[in-house]
S.K.: 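Handing you this structure, nothing more for now.
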2 protein chains.
Amino acid sequence: MDEVFKALADASRRSLLDRLHARNGQTLNELCDGLAMTRQAVTKHLGILEAANLVTTLRHGREKLHYLNPVPIHQIGERWIKKFERGKLAALSELKRQLEKRDE
Amino acid sequence: MDEVFKALADASRRSLLDRLHARNGQTLNELCDGLAMTRQAVTKHLGILEAANLVTTLRHGREKLHYLNPVPIHQIGERWIKKFERGKLAALSELKRQLEKRDE
DNA sequence: ATAATAGGCAACTAAATGGTTGCATGTCAA
DNA sequence: TTGACATGCAACCATTTAGTTGCCTATTAT
């Protein structure tokens, strides 16, 4: 879980996920296209995404195809975000109550 | 958005959010309790959470009360995670198809 | 008034991070 | 088979980050 959060913390990596979401199965060079970064930097980012299981790769000859794995993202939603959704209204109303108490 | 992702990337900060979720409105010293970290380190973490708007504070005399703001977490769910949920099945089936094609 | 309590500020350090360059390897096409 | 193309590996660098220590300020209670 921690690896996933850390992987998602970087805007370049989130953008790579976005690109794979738009078109799955891209090669390394395709993913480099238009990025202000060397290929090696992109390789590192993809390595981190792969280690976090957010991306799966597939060798096809001399090309390496990258596929988005949406499962960990989904798990963050289920196991982490939903926990804070419950009680959201309660938390807000409590905050409001406290804020109003300020001027007492 | 980037600030929120970065704030959530650290396990200590997520644990602070968990603790506020369990009991809202804690003071700095209460939040330090049981953590293997100095008070100053916790202050920094809370500062980052506050900058990301995940925590709101309220001075009450010499105490500083910390309140969880669940809105940014909710937004991550809405604006970011949901995007990858749509087409999740499609992505997985495509990946499966490609994996099966491996042995051709 | 004074001591204890709650918190703030700033300088410093070690390690992690994001990026680079240079070179090596493996695969495909002519 | 030889050159071009796609990727891999490793060393290096600058900046950010997570944490520390030391000291200062403000509020409360005796």
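Chain identifiers are assigned alphabetically (A, B, ...) following the order of the sequence lines, protein sequences preceding nucleic acid strands; residue numbering begins at 1 within each chain.
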S.K.: Mind calculating the distance between CG (A/N29) and P (D/dG8) to the nearest angstrom?
M.R.: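 Between P of D/dG8 and CG of A/N29: 10 Å.
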S.K.: Would you find a donor on one side and an acceptor on the other, under 3.5 Å apart, between the side chain of A/H66 and the backbone of A/L16?
M.R.: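 It does not hold such a pair.
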S.K.: Would you state whether a donor and an acceptor, one from the side chain of B/Q40 and one from the base of D/dG22, lie under 3.5 Å apart?
M.R.: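 Looking at the base of D/dG22, it does pair with a donor or acceptor on the side chain of B/Q40 (distance under 3.5 Å).
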S.K.: If you go through the side-chain atoms of A/R62, does one of them form a donor-acceptor pair with the base of D/dT7 closer than 3.5 Å?
M.R.: no
S.K.: Between A/H66 and B/A36, which residue's closest nucleotide on DNA chain D lies nearer the 5′ terminus?
M.R.: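 Final value for this comparison: A/H66.
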S.K.: Is there a donor and acceptor pair, one atom on the side chain of A/R59 and one on the base of C/dG26, closer than 3.5 Å?
M.R.: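 Flag unset: no donor-acceptor pair detected.
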S.K.: Rounded to the nearest 0.5 Å, how far does CE of B/M1 lie from CH2 of B/W80?
M.R.: 8.5 Å
S.K.: Give the nucleotide from the list C/dG7, D/dA6, D/dT20 with an atom nearest to the side chain of B/L28.
M.R.: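 Of C/dG7, D/dA6, D/dT20, C/dG7 is nearest to the side chain of B/L28.
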S.K.: Quick one: which of C/dG8, D/dT17, D/dA18 gets closest to the side chain of B/K6?
M.R.: D/dT17
S.K.: What is the distance, to the nearest angstrom, from the CD atom on A/E63 to the C1' atom on C/dC28?
M.R.: 10 Å
S.K.: OP1 or OP2 of C/dG8 less than 4.0 angstrom from a side-chain nitrogen or oxygen of B/K64, does that happen here?
M.R.: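 Answer yes for this pair, as a side-chain N or O of B/K64 is under 4.0 Å from OP1 or OP2.
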S.K.: What nucleotide among D/dT21, D/dA6, C/dT20 has an atom nearest to a side-chain atom of A/M37?
M.R.: C/dT20
S.K.: For the side chain of A/N69 and the backbone of A/N53, is there at least one donor-acceptor N/O pair under 3.5 Å apart?
M.R.: yes
S.K.: Whole angstroms only, please: what is the CG-C1' distance between A/D10 and C/dG19?
M.R.: 11 Å
S.K.: Are B/V4 and B/I48 connected in a single hydrophobic cluster, I mean Ile/Leu/Val/Met/Phe/Trp/Tyr linked by side-chain heavy atoms less than 4.5 Å apart?
M.R.: no
S.K.: What's the CG-C1' distance between A/L31 and D/dT7, to the nearest Å?
M.R.: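 Taking atom C1' of D/dT7 as the reference, CG of A/L31 is at 13 Å.
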S.K.: Would one find a side-chain N or O of B/T38 under 4.0 angstrom from OP1 or OP2 of D/dT20?
M.R.: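 Yes, because at least one side-chain N or O of B/T38 sits under 4.0 Å from OP1 or OP2 of D/dT20.
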S.K.: Write down the atom of B/P72, the atom of B/A52, and the distance for their closest heavy-atom approach.
M.R.: CG-O, 4.0 Å
S.K.: What integer distance in Å separates B/I48:CD1 from D/dA18:C1'?
M.R.: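 Taking atom C1' of D/dA18 as the reference, CD1 of B/I48 is at 8 Å.
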S.K.: What is the distance, to the nearest angstrom, from the NE2 atom on A/H45 to the P atom on C/dA16?
M.R.: 18 Å
S.K.: Nearest-Å distance, CG (A/D2) to C1' (D/dA18)?
M.R.: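 A/D2 atom CG is separated from D/dA18 atom C1' by 14 Å.
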S.K.: Rounded off to whole Å, could you give me the CZ-to-C1' distance for the B/R39 and D/dT25 pair?
M.R.: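 Going from B/R39 (CZ) to D/dT25 (C1'), I get 12 Å.
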